[in-house]
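Every number for a ligand or one of its atoms is a count from 1 in the order of the listing.
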Amino acid sequence: MFGEGKGLGKTILGGKGKNLSEMVEMGLPIPMGFTISTETCDIYYKNNKTYPQQVIDEIEENLKRLEKHMGKKLGDAQDPLLVSVRSGAADSMPGMMDTVLNLGLNDQSIQGLIAKTGNERFARDSYRRFLQMFGDVVMEVPHHDFEHALQTIKDKKGVKLDTELGIEDLKEVVTAYKAAIQKATGKMFPNDGREQLKMAVDAVFNSWNNDRAIVYRRLNDIKGLLGTAVNIQSMVFGNMGETSGTGVCFTRNPSTGENKFYGEFLMNAQGEDVVAGIRTPLEIQELDKVMPDCYKELVKIYQGLEKHYKDMQDMEFTIQEGKLYILQTRNGKRTAAAAVKMAVDMVNEGLIDEKTGVLRVKPEQLDALLHKQINPESKKTAELLTKGLPASPGAAVGQIVFSAQAAHDRNETGKKVVLVRTETSPEDIVGMVASQGILTARGGMTSHAAVVARGMGKCCVAGASEIAVDEHAKTLNVKGKTFNEGDVITLDGSTGEVFAGSLQTMDPELSGDFATLMTWADKYRKLGIRTNADTPHDSEVARKFGAEGIGLCRTEHMFFAEDRIKAVREMILADDVDGRKKALAKLLPFQKEDFLGIFKAMAGLPVTIRFLDPPLHEFLPQEEKDIVELSQIMNVDLETLKKKIEDLHEFNPMLGHRGCRLVITYPEIAEMQTEAVISAACELQKQGIEVHPEIMIPLVGFKSELDFNVEIVHRVAKETIARYGIDLEYKVGTMIEVPRGAVTADKVAETAEFFSFGTNDLTQMSLGFSRDDAGKFIKEYVVKNIFEKDPFQTLDVDGVGQLVQMAVDKGRKTRPNIKLGICGEHGGDPQSIEFCHKVGLNYVSCSPFRVPIARLAAAHAALK
Ligand code: PEP
Ligand code: MG
């Protein structure tokens, strides 16, 4: 019974049951009732949807106690007890499971209700509502059957609104509803109250596993619950005349967080009238005018409840003939902005302590504050075309373009564009910069498009497998619909949705509270937070968001700019060392310039620069005109050049000639990159700017590979530093991203001064799932529960995590003070960050727009 739940907690009673029990204990006006525990739901499913007689006996025993408490009997013809039957799991899942109201009404008890209330219309109306709800929820009669029956009678009577139906009309509706139930199910509507109750309880248990509920649990990461509890509560009525009413209220504003009582109510109405929107509810403050005593009592109660639960409460109340009842209370759902404001306000008010404040905001929620969003209102009427992977959050509205060039050109004329590609190649980067967002048909969460877009804080929907892109015909096909260049679409990178036309967007707002919360988070976290950035601009953005250095600067991204790509191609296609050195000499000043900018932006902080990583053919020209132009620059004939390009083709480039392997073949590349890094650092140090360069060698699986690379770095660095005549400190380390590198980390650490876990490649190679192709089928793995999460997004702790742990242990054994970080995409994922905290990494590194999320996630990990 409510009031007797002490010590059971919400795991057993569900959130609603626990709070009802507590409110009764506090002496608040709660309609009495009892809770069937979540354990019973568990038993129900384990027992092939039945439960033992003992449970049935206990329900009967408590029902009798409730009848005694209320002085009424279920189904009684004189003074019937009516109850609501509601779900209530440990984690709230609003609207996902089933509810039945007015249970206990039948052809006899309706007489009692009429006699007791003296309001026949109200009683008849309650009866037909009950039939409809019971038929729909418990007996699974199509909703439409009831609507059809009701409409037929309204038409016959010539009325528009339900409220215009009189007593006799409602009697007809009841008869029609019963007939509809019998027709649809072949069964009679159960007259017996106890039979009704048993059926309703089963229906609530069944709704635990309806599609909505399952999807909701998956989306909200709700796991490990026993099931739902069922709350059986005596009914009170808000529709018993002008001194009755019902409403929903929040102790603070759930969309803005403002500390002001917020809510709506309707007089002479039942709960669903408030939700259904047939009548417009009034603002809660108006209740003070209509029923001042009830309002004052409600205010006192809400203040008490917020103090008790130390969080914003979402409450339902009903006033029955001047008497106020609280039907339920729970911690209210809120927007990201409201979550931040409430957490900070509540700490300042002394309601909660700082640590609790920090834990109140989910790291993922911050995402919404850091990017443009689509106005949810405008989504309601928009045409949803398809859904891809939510690869990079934010919103993009623009004209479709199918090439980087077109994106650039249209953008120059002031048009907003969305780049639509089958998949992106590194060459598209210029087009990506010029676009509002990127849509691709192929590629996963760590595909090039996704990684680059996240880095730029640009909206991206990747792997939208239902779209067909014809780059030559310049058409986009979605489910039989064709879009041409210039047509407008809207992307929601936070959900993966693609809409036709232009939807309204809202700008991110970083309030002062946000900064305050971040300062608190910084106090408690143990992990350092760095960023993955390749440009001075990204570095500045990240620094503003609180980055404490760069954990990964991908130097290849610098080679795609128009003024450099030609020299890169020349280098790749050169016949000999001299030819390559000549081309590299052209690149050197550009690289040095890049590093000068980045070091300056990160003055005083460490900057990890990773040497060239991708397979060389990624840089090669694809278009005939580019190949012709290159052959002229290089003074080689076209056919020879084409043959060379063909020779560079690899069947599996991700496992091919890339990373440190390139330097084994072409040591000149490492020579040039070392000179660029070290000379930029020396120059700035001479100017009095503090620099901390860290050179990182990618894709190392063998200590001998690393040694070969590091020898070059030290040799060239020594020469360069000597030239400047100063002392410069720098570090050389490696990425751990090849499983063999992790397994032999003790050996690798003999040379490496730091490790940075490249968990994108480490995941790809450990699982044997190509990071470029897995996006196509991983969704199915998640839907079919083979994987809980996409392992490219959330670290596979049991598998890949073991390799990380092993490398941490082995690395520290050889070199106790070795610096350890992570720079794969997992470095920005809260759940993976918790793992990084546990294994004791020194820092995580993530894209600039995820830095605040990582700061908060690291604090959560430490506080938990
Ligand atoms: C990685 O593999 O995790 C990594 C950070 O490197 P990249 O994504 O550039 O291969
Ligand atoms: Mg890698």
Tell me whether ligand 1 is touched by Glu825 - counting only heavy atoms on the residue side and a distance under 4.0 Å. no

Counterpart residues, ring pair (Phe, Tyr, Trp, His ring centres under 6.0 Å), relative to His537 (two or more places apart): none

Tell me the contacting part of Met654 for ligand 1: side chain, backbone, both, or neither, using a 4.0 Å heavy-atom threshold, strictly below. neither

Residues which pass salt bridge (Lys or Arg N to Asp or Glu O under 4.0 Å) with Arg658, listed by chain and number, not counting sequence neighbours: Asp613, Asp761

Side chains of residues 773-783: which donor-acceptor partners sit under 3.5 Å, not counting sequence neighbours?
from	atom 1	to	atom 2	distance (Å)
Asp773	OD2	Ser770	OG	3.4
Glu780	OE1	Lys784	NZ	3.2

With the threshold set at under 4.0 angstrom, would you say Met765 reaches ligand 1 through any of its heavy atoms? no

Gap between atom CD of Glu825 and atom CG of Asn532 - 0.5 Å precision: 7.0 Å

Given that the side chain starts at C-beta and the backbone is N, CA, C, O, which of these parts of Asp761 lies under 4.0 Å from ligand 1, counting heavy atoms, or is it both or neither? both

Side chain to side chain contact (heavy atoms under 4.5 Å, CB included) between Leu366 and Met518, worked out: CA-CA 11 Å; Leu366 294 182; Met518 284 294 112; 3.5 Å; yes

Please could you name the atoms of ligand 1 that Met735 approaches to less than 4.0 Å, counting only its heavy atoms? 4 (C), 5 (C), 6 (O)

Go through ligand 1 atom by atom and flag the ones less than 4.0 Å from a non-hydrogen atom of Arg554. 4 (C), 5 (C), 6 (O), 7 (P), 8 (O), 9 (O)

Judged by atom type as modelled, is there a donor-acceptor pair below 3.5 Å linking the side chain of Asp796 to the main-chain atoms of Val800? yes

For ligand 1, which atoms have a heavy atom of Arg658 less than 4.0 angstrom away? 10 (O)

Per-atom filter on ligand 1: closer than 4.0 angstrom to a heavy atom of Asp613 are 9 (O), 10 (O)

Taking non-hydrogen atoms only, is Leu552 closer than 4.0 angstrom to ligand 1 via side chain, backbone, both or neither? side chain

Close side-chain approach of Phe754 and Thr608, heavy atoms under 4.5 Å: yes

Under 2.8 Å from the Mg ion (ligand 2), which protein N, O or S atoms are there? Could you list them by chain and number? Glu737 OE1, Asp761 OD2

Heavy-atom side-chain contact between Ile438 and Cys459 under 4.5 Å: no

Which of the numbered atoms in ligand 1 are under 4.0 angstrom from any heavy atom belonging to Arg771? 2 (O), 7 (P), 8 (O), 10 (O)

Please could you name the atoms of ligand 1 that Cys823 approaches to less than 4.0 Å, counting only its heavy atoms? 5 (C)

For ligand 1, is there an N or O atom under 3.5 Å from any N or O atom of Gly758? yes

Centre of Phe559's six-membered ring, under 6.0 Å away, within 45 degrees of the axis: is that where NZ or CZ of Arg564 sits? no

Taking the six-membered ring for Trp, are Phe619 and Phe560 ring centroids under 6.0 Å apart? yes

Expected output: side-chain Glu737 to main-chain Leu699 donor-acceptor under 3.5 Å: yes

With Arg610 as reference, evaluate Gln673, Glu694, Glu556 under the side chain to side chain donor-acceptor pair (under 3.5 Å) test and give the passing residue. Glu556

So is Arg610 close enough to ligand 1, meaning a heavy atom under 4.0 angstrom away? yes

